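Reading through the structure tokens given below for one structure.
Each ligand, and each atom within it, is numbered from 1 in the order the structure gives. Since the structure is predicted, the reported quantities are computational estimates derived from the model, not experimental observations. We're numbering straight along the sequence, starting at 1.
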Amino acid sequence: MRRGFLLVVSGPSGVGKNRLISELRKRMPDILYSVSATTRQPRPGEVHGVDYYFMSDEEFTRWVEEDRFLEWAEYCGRRYGTPLLFIEEALAQGHTVALDVETQGAVRIRQRVPEAVLVFVMPPSLAELRHRLERRGTEADEAILKRLQSAAEELEKVKDYDYVVLNDSLEAAVGALAAIVQAERLRVHRSDYSDLLASIHAEAERLKPCPGRINSD
Ligand code: 5GP
């Protein structure tokens, strides 16, 4: 069985992480998605258990106390966390799991799971990020400003990542993400080729000349 890994897709709010992950999963449907918990309110159209597990502050605090998050972070006044059990089970079964987290979460995941693959999604510019957040229309002006201020700080964190993907064209960015997954799956420590090796050794053994046999050629 191939060894699974965490594909941590991170970067500033509005950069398109979520869309990138969903397009990637259309191309590579065996990639699982880790649904996060959050204390923020659902946006129109968001579904509990699909987009997020929407939790009260009390419930979130209980989960923190019970150590049920792989990581959690406060972002723009709300809390977001990655449920641990799903990650443990998915990795044990050899899956690739995509996560959409902000930069503090990515750093914490790296500390707890050093072999996680960290991808930073870079916006073409801060102005473009602003346009995207405004177009999305899910936040009030004040919240957009907060997210943009946070974005400027988050961009500094790119140096802690393994890969950077510029999201100026969705098609190219999804292609880059898919290439990362393919390459990471080919890493020697993630491949289990022991059966193949055993059969090659057995074949090589059969090719050895028998001891004592006189070579008549
Ligand atoms: P939004 O409110 O726009 O859905 O998400 C805000 C930010 O929280 C995004 O940058 C998103 O990547 C991040 N986020 C979502 N889920 C998690 C999580 O489980 N942990 C952390 N640390 N950040 C998350």
Side-chain angles (χ1 to χ4, degrees), residues 6-25 32-57 59-61 63-64 66-88 90-91 97-113 116-123 126 128-158 160-161 164-165 167 173 177:
L6 301 183
L7 179 73
V8 180
V9 180
S10 184
S13 173
V15 78
K17 290 164 283 182
N18 209 271
R19 178 84 195 277
L20 276 179
I21 292 175
S22 71
E23 291 300 318
L24 175 72
R25 292 182 67 224
L32 303 184
Y33 179 63
S34 162
V35 178
S36 294
T38 182
T39 59
R40 81 152 164 74
Q41 292 300 308
R43 295 175 185 141
E46 282 185 331
V47 176
H48 179 77
V50 175
D51 300 290
Y52 278 109
Y53 296 107
F54 295 100
M55 285 186 180
S56 64
D57 263 320
E59 195 178 2
F60 199 99
T61 302
W63 274 54
V64 171
E66 290 171 357
D67 214 9
R68 290 170 73 181
F69 289 123
L70 171 65
E71 62 73 37
W72 69 271
E74 190 166 322
Y75 178 82
C76 292
R78 299 290 174 191
R79 288 184 290 171
Y80 298 81
T82 304
L84 181 59
L85 187 62
F86 175 79
I87 298 288
E88 285 178 338
L91 287 182
V97 187
L99 300 92
D100 169 347
V101 300
E102 49 66 74
T103 49
Q104 308 168 70
V107 171
R108 285 176 192 153
I109 292 173
R110 159 101 335 137
Q111 287 163 352
R112 279 190 79 171
V113 189
V117 176
L118 267 54
V119 181
F120 191 94
V121 184
M122 186 72 92
L126 205 61
E128 178 56 28
L129 204 59
R130 184 184 200 134
H131 284 146
R132 287 183 194 179
L133 284 168
E134 284 170 354
R135 256 201 319 268
R136 196 164 82 177
T138 49
E139 271 80 29
D141 288 353
E142 199 188 326
I144 289 181
L145 223 57
K146 239 182 179 176
R147 283 177 181 235
L148 285 173
Q149 279 159 359
S150 177
E153 283 170 31
E154 286 180 289
L155 294 183
E156 298 295 319
K157 304 273 165 55
V158 63
D160 300 327
Y161 286 68
V164 57
V165 168
N167 192 13
L177 256 188

Exercise for the section: Heavy-atom contacts with Gly105 under 4.0 Å: which atoms of ligand 1 show up? List them by number with element. Expected result: 22 (N)
Practice task
Step through the shown structure and confirm whether more than 12 heavy atoms of other residues, nucleotides or ligands are within 6.0 Å of CD on Glu142.
Solution key: no
Problem - Which segment of Arg147 sits under 4.0 Å of ligand 1 when only heavy atoms are counted - result: side chain
Problem - More than 12 heavy atoms from other groups under 6.0 Å of NZ on Lys157 - result: yes
Problem - Arg108, portion touching ligand 1 at heavy-atom distance under 4.0 Å - result: neither
Exercise for the section: Rounded to the nearest 0.5 Å, what's the gap from CG on Leu70 to CG on Leu6? Could you check? Expected result: 7.0 Å
Exercise for the section: Distance to 0.1 Å, residue and atom name: give those for the protein heavy atom nearest to atom 13 (C) of ligand 1. Expected result: Glu102 N, 3.6 Å
Completion exercise
Within the 4.0 Å heavy-atom cut-off, what Trp72 brings close to ligand 1 is neither
Exercise for the section: Measure up the His48 and Phe54 rings against each other and bin them: parallel (under 30°), tilted (30 to 60°), perpendicular (over 60°). Expected result: tilted
Handout entry: Ligand-residue contact atoms, ligand 1 with Ala73, heavy atoms, under 4.0 Å
Key = 22 (N)
Practice task
Ignoring hydrogens and angles, tell me if any N or O in the side chain of Thr38 forms a donor-acceptor pair with the backbone of Tyr80 under 3.5 Å.
Solution key: no
Problem - Neighbour count above 12 (heavy atom, 6.0 Å) for Arg130 CZ - result: no
Practice task
Measure the distances from the heavy atoms of Arg43 to every atom of ligand 1 and state whether one is below 4.0 angstrom.
Solution key: yes
Completion exercise
Counting heavy atoms under 4.0 Å, the part of Arg78 that contacts ligand 1 is neither
Fill in the blank from the handout: So the atoms of ligand 1 within less than 4.0 Å of a heavy atom of Arg136 turn out to be 3 (O)
Exercise for the section: Provide, to 0.1 Å, the distance between atom 20 (N) of ligand 1 and the closest protein heavy atom, together with that atom's residue and name. Expected result: Glu71 OE2, 2.7 Å
Problem - side chain to side chain contact (heavy atoms under 4.5 Å, CB included), paired with Val121, selected from Ile21, Val9, Leu177 - result: Val9
Practice task
Report the member of Thr138, Leu70, Asp100, Thr103 with the shortest heavy-atom distance to atom 14 (N) of ligand 1.
Solution key: Asp100
Problem - Polar side-chain atom of Thr39 near backbone of Arg79 as donor-acceptor pair, under 3.5 Å - result: yes
Exercise for the section: Report the part of Glu74 (side chain from C-beta onward, or backbone N, CA, C, O) that has a heavy atom under 4.0 Å from ligand 1; answer both or neither where that applies. Expected result: neither
Handout entry: Carboxylate-amine/guanidinium proximity below 4.0 Å for Arg43 and Glu139
Key = yes
Handout entry: For atom 9 (C) of ligand 1, closest protein heavy-atom neighbour
Key = Lys17 NZ, 3.3 Å
Practice task
Quick one: pull up CG in Asp100 and OG in Ser10 and give me the separation to the nearest 0.5 Å.
Solution key: 8.0 Å
Practice task
If the plane angle is over 60° it's perpendicular, under 30° parallel, otherwise tilted; pick one for Tyr161 and Phe120.
Solution key: perpendicular
Handout entry: Close approach of Tyr52 to ligand 1, heavy atoms, under 4.0 angstrom
Key = yes
Exercise for the section: State whether the number of non-hydrogen atoms from other residues, nucleotides or ligands found under 6.0 Å of Arg132 atom CZ is greater than 12. Expected result: yes
Exercise for the section: Considering the heavy atoms of Arg40, write down every atom of ligand 1 situated less than 4.0 Å from one of them. Expected result: 1 (P), 2 (O), 4 (O)
Exercise for the section: Quick one: look up the protein heavy atom nearest atom 16 (N) of ligand 1 and list residue, atom name and how far away it is. Expected result: Ser36 OG, 3.0 Å
Handout entry: Contact atoms of ligand 1, heavy-atom distance to Tyr75 under 4.0 Å
Key = 6 (C), 7 (C)
Exercise for the section: May I ask whether Gln104 places a heavy atom under 4.0 Å from ligand 1? Expected result: no
Problem - ligand 1 N/O within reach of Glu139 N/O, cut-off under 3.5 Å - result: no
